Amino acid sequence: MVVRGAPAIAISAALSLAVEVANLGPVDWSVNDAISFLQKRLEFLVSSRPTAVNLSDAATKLNDVVLKAANAMSKPEAIFQAYIEAAEIMLMADINDNKAIGSNGAKFILCQSQKRQNLHVLTHCNTGSLATAGYGTALGVIRALHSEGLLETAFCTETRPYNQGSRLTAYELIHEHIPAVLVADSAAAALQKSGRVDAIVVGADRIAENGDTANKIGTYNLAISAFHHGVPFYVAAPLTSVDLSLSSGEQIIIEERSPKELTHALGGQGQQVAPSGISVWNPAFDVTPANLITAIITEKGVITKMDSSSTFDIKGFVESFTVPLGSDNGNKHMTAA
């Protein structure tokens, strides 16, 4: 996993193709040849990671840019330039969206909490600058809380078996001088029982229309524990993580990772710790049902459940915003009820 984190995967894919295109030099191609080249490359990139929807969303938007450019331009170089500019816009938009998610999340969590300060927030996996174009989603919410002087402690899970929490999130928290405590995945329930967690905020790789959310394996465990202990459980993700083509999480394809991540130390890179011949099941993600999720924090506002029910109107929320690639993202802060 050279690149991981749903937003970072999408941005890296878009920019990697932009670099390839920029290095092509003069080509003796027709406009159709240029379109075919870009479309095949985008299709190949999408096939690399099946669970995170941000990648396919980015590819769809970039394909639309290519087709629109083809209708207005007669040279392949102009189409390539349109693609490069669109990929660069995506990079900046992701950073701005993450900052909006952080701001929206910090305000909402504070509003919903009985505490006005000294909040203790638990997060899972890595959702910071190392998983996005910059700033982060769930970790961006924690970062915003800290910058406002509202956070006392950020708890981060180790996130086995690949240890994104202990390797990456812990690093980011220390780097940002955010007071942080690392806990074992298996200690998270006990931590909540102790009353030391005011809220849990996690990221998302894909959110179905009904709010079911695919995220790093272990997220479902946290959600069940949070529900049992009465701890608010928030998902923080850009609207590009929403997949309205899926009615529920049952339709989300779950990627499985190498058995070595479990049988060997250091996420598969170290010494073998399990006996040879043992079978391994190593899903990279799980799906948290919508009924366990308190609210979904996005760059456009916070999606809450309708009439205190267990149902999200995600489709209505998404369709209320139409933001073409390259336009002003705006920062319309609202809460959907």
Side-chain angles (χ1 to χ4, degrees), residues 5-7 9-10 13 42-43 45-64 97 101 104-105 108 124-125 127 137-138 200-224 226-227 232-257 281 283-325 332 334-337:
I9 290 170
L42 288 171
E43 289 172 4
L45 289 167
V46 169
S47 70
S48 65
R49 299 298 296 270
T51 302
V53 71
N54 307 62
L55 177 56
S56 59
D57 178 81
T60 297
K61 290 175 179 175
L62 289 167
N63 185 62
D64 290 344
D97 288 348
I101 289 170
N104 291 341
F108 190 80
H124 185 59
C125 197
T127 57
T137 54
I200 297 174
V201 57
V202 300
D205 286 85
R206 190 180 295 250
I207 301 171
E209 182 181 354
N210 70 339
D212 292 351
T213 297
N215 192 49
K216 181 55 55 186
I217 192 71
T219 303
Y220 183 32
N221 302 39
L222 286 176
I224 292 173
F227 186 81
F233 186 90
Y234 300 106
V235 169
L239 289 180
T240 52
S241 294
V242 173
D243 187 351
L244 294 178
S245 72
L246 304 182
S247 61
S248 76
E250 295 293 328
Q251 298 167 283
I252 297 176
I253 298 172
I254 300 299
E255 177 184 349
E256 293 193 24
R257 300 284 302 162
W281 182 54
F285 308 92
D286 55 29
V287 176
T288 298
N291 68 295
L292 299 179
I293 299 170
T294 305
I296 300 171
I297 303 163
T298 80
E299 72 275 23
K300 297 300 180 183
V302 180
I303 308 174
T304 54
K305 292 177 178 176
M306 300 182 293
D307 302 322
S308 300
S309 70
S310 60
T311 306
F312 290 108
D313 181 18
I314 294 179
K315 183 176 182 181
F317 184 89
V318 171
E319 290 180 347
S320 68
F321 298 97
T322 303
V323 186
L325 183 62
K332 220 169 161 184
M334 63 174 284
T335 299

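Since this is a predicted model, take the numbers as computed values, not measurements.
Between Phe285 and Ile217, every side-chain heavy-atom pair lies at or beyond the 4.5 Å cut-off. In this structure, the side chains of Phe312 and Ile293 come closer than 4.5 Å at one or more pairs of heavy atoms. Residues Thr304 and Val302 have side chains in contact (heavy-atom distance under 4.5 Å, counting atoms from C-beta outward). Within the 4.5 Å cutoff, no side-chain heavy atoms of Val202 are placed close to those of Thr127. Thr137 places a side-chain heavy atom less than 4.5 Å from the side chain of Pro238.
In the displayed structure, Glu256 atom CD is contacted under 6.0 Å by more than 12 heavy atoms of other residues, nucleotides or ligands.
Checked against Val242 for a side-chain contact (heavy atoms from CB on, under 4.5 Å), the options Leu246, Thr240, Leu244 give a single hit: Leu244.
Under the 3.5 Å distance criterion, the side-chain polar atoms of Asn104 are matched with a main-chain donor or acceptor of Thr298. Put simply, the side chain of Glu209 never gets that close to the backbone of Ser248: no donor and acceptor are under 3.5 Å apart. Remark: side-chain polar atoms of Thr60 are paired, donor with acceptor, to backbone N or O of Ser56 under 3.5 angstrom. Checking side-chain atoms of Asp286 against main-chain N and O of Tyr220 turns up a donor-acceptor pair under 3.5 Å. Judged purely by atom type and a 3.5 angstrom limit, Thr294 uses its side chain to pair as donor or acceptor with the backbone of Phe233. Remark: side-chain polar atoms of Asp97 are not paired, donor with acceptor, to backbone N or O of Glu299 under 3.5 angstrom. Between the side chain of His124 and the backbone N or O of Ile200, no donor-acceptor pair lies under 3.5 Å.
Summarising the geometry, atom CG belonging to Asp205 is positioned 8.0 Å from atom SG belonging to Cys125; distances are rounded to the nearest 0.5 Å. Rounded to the nearest 0.5 angstrom, Asp57 CG and Asp243 CG are separated by 9.0 Å. Atom CZ of Phe108 sits about 11.0 Å away from atom CD1 of Ile303, to the nearest 0.5 Å.
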Q) Under the side-chain contact (heavy atoms from CB on, under 4.5 Å) criterion, do Leu292 and Ile224 qualify, and how do the steps go? A) CA-CA 7 Å; Leu292 299 179; Ile224 292 173; 3.9 Å; yes

Q | Evaluation steps, side-chain contact (heavy atoms from CB on, under 4.5 Å), between Asn210 and Thr311 | A | CA-CA 7 Å; Asn210 70 339; Thr311 306; over 6 Å; no

**Q.** side-chain contact (heavy atoms from CB on, under 4.5 Å) between Val235 and Ile207, worked out
**A.** CA-CA 9 Å; Val235 169; Ile207 301 171; 4.1 Å; yes

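Closest heavy-atom contact between Ala208 and Ile314: O-CD1, 3.7 Å. Taking both residues in full, the closest heavy atoms of Ala204 and Ala237 are given as CB-CB, 3.8 Å, listed atom of the first, atom of the second, then distance. Of all heavy-atom pairs between Pro289 and Asp212, the closest is CA-OD1, 3.4 Å. The minimum heavy-atom distance linking Val46 with Ala59 is given by the pair CG2-CB, 3.4 Å. Residues Ala284 and Arg257 approach most closely at CB-CG, 3.5 Å, considering heavy atoms. Taking every heavy atom of both residues into account, Ile297 and Ile101 meet most closely at CG2-O, 3.5 Å.
If you check the side chains of Glu43 and Ser47, you find no donor sitting under 3.5 Å from an acceptor. No hydrogens or angles considered: nothing links the side chains of Thr213 and Asn215 as a donor-acceptor pair under 3.5 Å.
Within the cation-pi definition used here (under 6.0 Å to the ring centroid, within 45° of the axis), Lys300 does not qualify as a partner of Phe317.
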